[in-house]
Undergrad: 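Mind looking over this structure? Questions follow.
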Amino acid sequence: MFAELGHEVIVPPPPSKHTLDLVTKYAPEFACIPFKILLGTYLEALALGADTIVSTGGIGPCRAGYYGELHRRILEDLGYNIRLFIIEPPLKRPGDFFRTIMSLVSNGFTWLRFPVILQRVWAKLNAIDRVERASHSIRPYEVVKGETSRVYESCLQELDKACSLQEIRDAERDALARLASIEQDRSRRPLKIGLIGEIYVVLEPFANHNVQILLEEMGALADRSIYLAEWSRGNAVVAGEKDVKRAARPFLSELVGGHGVNSIGQTVLYAQQGFDGVIQLAPFACIPEIVAKSILPRVSRELNIPVLTLFLDEQTGEGGIRTRVEAFVDLLIQRRNRREGQVVWSGI
Amino acid sequence: MVGYLGIDVGSVSTNLVATNDHNEIIASTYLRTQGQPIQALQQGLVELQQQLPPGFKVLGVGTTGSGRTLAGVVVGADIVKNEITAHAVAAASLVPNVQTVLEIGGQDSKIIILRDGVVTDFGMNTVCAAGTGSFMDHQAERLGIPIAEFGNLALRATNPVRIAGRCTVFAESDMVHKQQMGHKLEDIVAGLCEALVRNYLNNVGKGKDILPPVVFQGGVAANAGIRTAFERALGITVYVPQYYGVMGAWGAAILAREKVRGGAGTTKFRGFQIARLDYQASSFECQGCPNQCEVISITSEGNILARWGDRCGRWESML
């Protein structure tokens, strides 16, 4: 979108160990992992020559709303002379949103093109979401471990190259066809596990140690409660998510900031849809998710759905995550075995 | 004679058991890992074989613990299982109506909740090792008391002092302070046991419904002072099994039997002679993409046995 607005866009590399090494030096230790990864990513982008950073703000009682401002100050203290724009949700703060967009527009840009650009960006975001969803529904059945991930990666590269609406549509159709042709064992009966929690660690595989793919390669269907385009629509453009908040109400009716209410509501919805279990992904020290975690045992008991909470930060070891996720999957298999009258430990 | 092997390669200890065909333990070893998991495993195999009758035939092998993947490759395991499930299987096999398992090992502590023989919830220490075996070890050494006598000393206390037990370093400072104030050694040691139990119940055990029968296992279960502190804090009898130190390994052996009898049929065990082979583990950071996965390879006698750690599988699939 910003390329279309007349800027050269520098895409920083995906977050890595190098990103974390950078930030442990400059971020306050008690800031959460989303803050740290973002700061590290900015530093990597600046090293590649970026002079302007666009970030999002936010409203409500979660620290993330102030992160843009804090990032700006840390970067200034480090001696970077940059422009940092914080985009506020258009529905909630329309004035701020358009002021920021206006100042980002470079010379020679005609406003007539704006709706066209928005439409294309939107189409691509949605196509990526749909292709990603298809990959998640196929991976638990794949016969050759890792094949779905390899095909999916190459599909993403094709989608990235697509520019016009027609090209985006074609790339999506090809991607879905290639995914569907992966060899699958449909006799498997995957467990159904919902992934809930704070948006950044749910969306960013690096932050959650690829937990969705880990589960799928262990033969479980992992449903992520948040997708980028869907969420942008629900929160930034039209006011959505009413049913999630309604589902949470018997357990939590207060606004607790971040995605705390969503975590409760989505657990309720997953239980109603007959899911086997739910995994809550939370940045270490995230208050909204801590509030949700303290309420989840009641939800779990009353609706009979097991919940595993994983707190994540730069200290989290991959081995620890794997051990807990494996044990959780074993727990769900035991429950199913007992429900179906089989030997409890069979198939573990 | 035929039977199964269970191997638990942990951060601090490496434990092996051999069972007969009825899941009964007929031999066991408990060694310090000392940062050398492969050597500890090989040494353990030698010691285990010495205890076994000549001609003992291995029908299946299971591995568990933080070194389970590595151990699985080295021995040729039929099942590689996380330590939470392995401990639960062992406890439930011994005490079929068990509802709570307390497990404290070298650097891990966990709680497992079972109902009607099925795991319904579990917890594991996350960011802190205060309240595990390594901490007890360190304090015993500092006080000049053999770890084996630590628990009995605690039982002789008449007036346990209160030690701040949330953090290992601060607990130590507090103990030094209490010593300097002139408290008796046994009262300090007993206070330390209580602090450890308090820390465990408030962190790992937080929000868990601890109901009897309670089984306490892992290396720290050897400490009678900790066991007594648990009983006092919970108000229920805590049962320590005879083989408390090797329950994870036993669980792995039981699961190996299930697995082999349930379908696999024959074992992948590479034989006791692997204790004499040379194994090398090495790792490198793959530069193929920004993920920069740390890839581990295990080589034996010039052959690559396994590679893992790469998310995309390009190194794993090259074998």
Side-chain angles (χ1 to χ4, degrees), chain A residues 12-19 44 144-147 149-150 153 205-206 209-210 213-214 217 284 293-294 296-298 300-301 304 306-313 315-320 322-339 343-348, chain B residues 11 64-69 79-89 92-93 96 107-108 110 112-128 206-209 251 254-255 257-259 261-263 285 289-294 309-317:
Chain A
S16 65
K17 278 170 272 179
H18 177 249
T19 320
E44 286 177 322
V144 182
K145 191 184 151 208
E147 189 182 355
S149 298
R150 280 193 289 274
E153 282 302 322
F206 176 73
H209 295 263
N210 273 297
I213 291 175
L214 177 68
E217 289 184 345
F284 184 57
K293 182 184 189 279
S294 65
L296 281 171
R298 212 186 108 212
S300 169
R301 210 168 38 242
N304 196 24
V307 179
L308 172 71
T309 299
L310 297 175
F311 279 111
L312 306 155
D313 73 356
Q315 312 283 350
T316 309
E318 179 114 34
R322 180 172 265 281
T323 297
R324 286 168 181 80
V325 168
E326 281 180 19
F328 189 63
V329 167
D330 287 346
L331 176 159
L332 299 180
I333 294 174
Q334 289 169 51
R335 280 169 57 96
R336 180 161 79 182
N337 283 343
R338 189 179 60 183
R339 202 168 56 231
V343 179
V344 168
W345 304 106
S346 71
I348 280 179
Chain B
S11 53
T64 187
S66 47
R68 60 188 179 279
T69 312
I79 188 165
V80 176
K81 188 45 69 182
N82 67 81
E83 51 272 36
I84 297 168
T85 303
H87 274 282
V89 170
S93 301
Q107 285 177 8
D108 267 350
K110 38 191 166 290
I112 308 168
I113 304 295
L114 296 97
R115 296 291 181 264
D116 305 321
V118 172
V119 176
T120 57
D121 196 8
F122 62 84
M124 202 168 173
N125 61 331
T126 46
V127 284
C128 175
K206 186 141 225 134
K208 310 283 186 228
D209 207 5
I254 296 170
L255 285 167
R257 180 172 176 268
E258 283 280 320
K259 175 90 174 198
R261 286 160 65 111
E285 209 164 75
C289 82
N291 278 341
Q292 295 173 301
C293 298
E294 213 149 299
D310 46 338
R311 280 180 206 153
C312 66
R314 64 185 269 214
W315 297 100
E316 207 180 306
S317 60

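In what follows, every chain begins at residue 1, and chains take the letters A, B, ... in the order their sequences are listed. Treat the numbers as computed from the prediction; the structure is a model and nothing was measured.
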Undergrad: For A:Gln334 and B:Val119, work out which heavy atoms get closest and say how close.
TA: OE1-N, 2.8 Å

Undergrad: Just give me the residue among B:Ile79, B:Asp121, B:Val118, B:Thr69 that pairs up with chain A most often, heavy atom to heavy atom, under 4.5 Å.
TA: B:Val118

Undergrad: Is it the case that more than 12 heavy atoms not belonging to A:Arg336 sit under 6.0 Å from its CZ atom?
TA: yes

Undergrad: Not counting sequence neighbours, which residues clear side chain to side chain donor-acceptor pair (under 3.5 Å) with B:Glu83? List them please.
TA: B:Arg68

Undergrad: Could you tell me which portion of A:Asn337 (side chain, backbone, both or neither) has an atom closer than 4.5 angstrom to a non-hydrogen atom of chain B?
TA: neither

Undergrad: Mind checking the CG-CD1 spacing from A:Leu331 to B:Ile113? Nearest 0.5 Å is all I need.
TA: 11.0 Å

Undergrad: Is A:Ser149 in contact with chain B via its backbone, its side chain, both, or neither, using a 4.5 Å heavy-atom distance?
TA: neither

Undergrad: Would you please name every residue forming a salt bridge (charged side-chain N to carboxylate O under 4.0 Å, His left out) with A:Arg338, sequence neighbours left out?
TA: B:Asp116

Undergrad: Examine whether an atom of B:Ala92 lies under 4.5 Å from a heavy atom of chain A, and if so say whether it belongs to the side chain, the backbone or both; otherwise answer neither.
TA: side chain

Undergrad: Picking from B:Asp108, B:Leu255, B:Val89, which has the most non-hydrogen pairs under 4.5 angstrom with chain A?
TA: B:Val89

Undergrad: Kindly indicate whether the side chain of B:Ile84, heavy atoms from C-beta on, has any atom under 4.5 Å from the side chain of A:Phe328.
TA: no

Undergrad: So which part of B:Thr120 gets closer than 4.5 Å to some heavy atom of chain A, the side chain, the backbone, both or neither?
TA: backbone

Undergrad: Counting only heavy atoms closer than 4.5 Å, note whether A:Leu308 contacts chain B via side chain, backbone, both or neither.
TA: side chain

